[in-house]
Amino acid sequence: MEDLKIDQYGDELYSALRERRMVEPLTEREPKITIADAYEVSLRLLARRQADGEVVIGKKIGVTSKAVQNMLGVHRPDFGYLTDRMVYSNGDDVAVSEEMIQPRAEGEIAFILKQDLAGPGVTNAEVMAATAGVMACFEIVDSRIRNWEIKIQDTIADNASCGVFVLGDALVDPDDVDLTTCGMVLEKNGEIVATGAGAAALGSPVNAVAWLANTLGEYGIGLRAGEVILSGSLAPLIPVVAGDSMHMRIGGIGSAAVRFV
Amino acid sequence: MNLDQETIAKLAEHVENAELNRQEIVKITDDYPDMDYEDAYAIQYAIRARKEARGTRIAGLKMGLTSRAKMKQMGVEQPVFGFITDYGAYAEGAEIETSRFIHPRIEAEVAVVTKATLRGPGCHIGSALAAIDFVIPAVEIIDSRYKDFRFDLRSVIADNTSAAGYVTGGRMARPESLDLPVLGVVLEKNGEIVELGAGAAVLGHPAASVAMLANMLAERGEEIPAGTFIMTGGITAAVAVEAGDNICVRYQDLGTLGFRFV
């Protein structure tokens with residue numbers, strides 16, 4: 001896709017984000033859009049946010065579960081960028097009615113890095129060695145694309161449908177927990193709505209981080225010490241509206257809570 | 001109760017024969033629409049008595065319909081219970097003859113063994129946890145005797161809640177050393193992850209399932225004796241299996257349970 005269109009769609013998604021409105025799927029308007037094009041659009045969107053003063057503090061991995069991969073007809077994950085404007089603390093209120101369009105909550109494991117990770121060739125062992133700790137985390141995804149009618153290119157262009165994220169109550173040494181079998185319970189308004197386990201993210205959340213390091217490595221981009229990496233949802237996405245409150249807990253890691261107002 | 005003793009005995013024989021002959025049947029409420037829950041449990045207990053008269057040992061109890069989603073789907077407020085038999089037992093690493101079943105499915109669970117009597121009403125998570133000696137990983141093999149797993153709640157209770165077999169193993173742990181609601185389970189079939197979940201999928205806490213079993217039995221004037229083996233209910237959805245399938249279930253803090261169907 002030519003640069004002009006890349007910029008045009010990036011700008012459109014940026015406006016949609018800021019004005020809280022939905023746009024038509026890019027894949028309907030540009031049937032030939034490639035995954036590489038979509039990442040270019042996402043970089044334009046990111047550049048616009050950075051121009052507003054937002055600072056990149058990490059990355060997120062999406063499309064990590066079999067269910068979502070099958071839904072989108074792809075068999076690899078995708079990624080987006082996390083900025084300082086997206087992060088919330090445990091127990092915070094998130095003003096969905098002012099900040100978001102069609103939010104859905106995901107429970108996942110966040111990695112906080114203490115060393116840079118530069119692919120290709122990054123192994124699971126290196127990811128573990130580079131991890132300062134893991135945390136329970138809510139990612140509140142949101143789509144600027146009409147009614148979540150996304151194909152893989154749409155979500156990639158839209159920063160992997162990232163919205164905001166809420167980090168939990170504890171940072172745990174990754175050596176102290178089995179990241180594959182750790183169980184997760186997700187509650188909405190006091191009712192258990194889903195359970196899951198670490199293996200839901202590409203067989204192990206560690207695999208997801210290694211995938212990201214190796215994928216970005218192909219473009220000469222590294223993961224940096226201090227960055228937060230969201231490793232992918234461990235249970236189905238839960239739609240939320242103002243008035244909902246959610247709580248989640250992961251075995252051996254900790255819990256996170258968020259209220260939507 | 002709406003059915004007479006003779007009908008109960010006849011239906012018990014009919015449903016049990018379906019199990020023994022591996023012959024699927026249509027759900028019994030089709031012919032006996034007036035059958036109520038009491039009748040359904042009476043049929044289940046009659047099947048149990050038939051087995052015991054033949055020398056079968058009752059190896060423990062099981063809970064079914066313990067997921068809120070399943071209860072909502074069936075329109076009920078309470079789970080159901082059944083019994084498990086000595087001949088349904090398989091150990092870790094077992095080769096399980098698929099031809100012993102009609103259309104088997106498996107569910108990953110945690111099982112407990114009690115060390116004190118649990119008597120309802122009024123049992124709660126605390127009393128259940130205090131009465132649990134240890135927790136072990138378990139997989140239940142369910143095999144409805146009804147065609148295509150098509151049944152209603154009364155029919156499935158009469159059919160001993162589809163109980164057909166169970167595999168235990170891995171490693172045991174004291175309940176106080178486990179965080180049961182967030183204990184994760186990953187079920188793999190032939191090397192592929194097919195289902196996963198955490199303990200809270202069972203009524204919020206597997207010990208709540210044990211407490212509820214005690215309270216349901218109390219309505220019948222029964223209790224759970226010390227030393228009882230109890231399957232607390234499926235953490236994962238049921239997965240269909242066939243000959244040739246290799247199953248591996250990984251549990252947080254409880255090791256791995258592997259077996260295969262031949």
Side-chain angles (χ1 to χ4, degrees), chain A residues 64-70 75 107-109 134-136 168-170 172 174 176-208 232-236 238 246-257, chain B residues 66-72 77 107-110 125 135 137 170-171 173 175 177-209 232-237 239 248-258:
Chain A
T64 49
S65 78
K66 281 245 163 62
V68 173
Q69 290 190 356
N70 289 341
H75 295 284
E108 49 192 277
I109 296 171
V134 291
M135 302 180 82
D169 61 354
V172 172
D176 291 338
V177 53
D178 182 342
L179 289 168
T180 304
T181 58
C182 57
M184 182 188 71
V185 185
L186 212 53
E187 291 175 22
K188 178 172 152 182
N189 304 326
E191 186 182 3
I192 295 168
V193 287
T195 71
L202 289 186
S204 163
V206 183
N207 295 350
S233 185
L234 305 185
I238 311 294
M246 290 201 68
H247 181 266
M248 67 96 110
R249 200 154 70 85
I250 301 179
I253 299 183
S255 63
Chain B
T66 48
S67 102
R68 299 270 180 217
K70 253 195 223 169
M71 279 158 64
K72 240 179 227 174
E77 301 280 310
E107 295 177 349
E109 309 196 359
V110 291
I125 289 185
V135 177
R171 73 184 203 219
S177 71
L178 299 171
D179 193 351
L180 284 167
V182 287
L183 187 141
V185 174
V186 181
L187 171 57
E188 293 176 13
K189 181 165 99 170
N190 303 325
E192 190 184 355
I193 296 169
V194 287
E195 287 290 339
L196 42 80
V202 182
L203 295 172
H205 194 306
S209 177
T232 59
I235 291 174
T236 64
V239 174
C248 171
V249 188
R250 289 185 281 164
Y251 290 81
Q252 187 176 21
D253 301 326
L254 287 175
T256 296
L257 186 49

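Here is how names work: the chains are called A, B, and so on, in the same order as the sequence lines, proteins then strands, and each is numbered from 1. Computed from a predicted model, the values in this text were never measured in an experiment.
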To the closest 0.5 Å, what do you measure between CG (Asp179(B)) and SG (Cys182(A))?
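So the gap between those two atoms works out to 11.5 Å.
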Worksheet item: What distance separates Leu196(B) CG from Thr195(A) OG1, expressed to the nearest 0.5 Å?
Response: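 If I round to the nearest 0.5 Å, the distance is 8.0 Å.
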How far apart are the closest heavy atoms of [X] and [Y], and which atoms are they?
{"X": "Ala198(B)", "Y": "Gly196(A)", "value": "CB-O, 3.7 Å"}
{"X": "Val185(A)", "Y": "Ala200(B)", "value": "CG2-CB, 3.4 Å"}
{"X": "Ala197(A)", "Y": "Gly184(B)", "value": "CB-CA, 4.4 Å"}
{"X": "Val182(B)", "Y": "Arg249(A)", "value": "CG1-O, 3.5 Å"}

Against chain B, label [X] side chain, backbone, both or neither, depending on which of its atoms sit under 4.5 Å from a heavy atom there.
{"X": "Ile250(A)", "result": "backbone"}
{"X": "Glu187(A)", "result": "neither"}
{"X": "Ile253(A)", "result": "neither"}

* Can Arg250(B) and Asp178(A) be counted as an ion pair, charged N to O under 4.0 angstrom? ->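 A salt bridge is absent here (no side-chain N lies under 4.0 Å from a carboxylate O).
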For [X], is it the side chain, the backbone, both, or neither that has a heavy atom closer than 4.5 Å to a heavy atom of chain A?
{"X": "Glu192(B)", "value": "side chain"}
{"X": "Ile193(B)", "value": "both"}
{"X": "Val186(B)", "value": "side chain"}

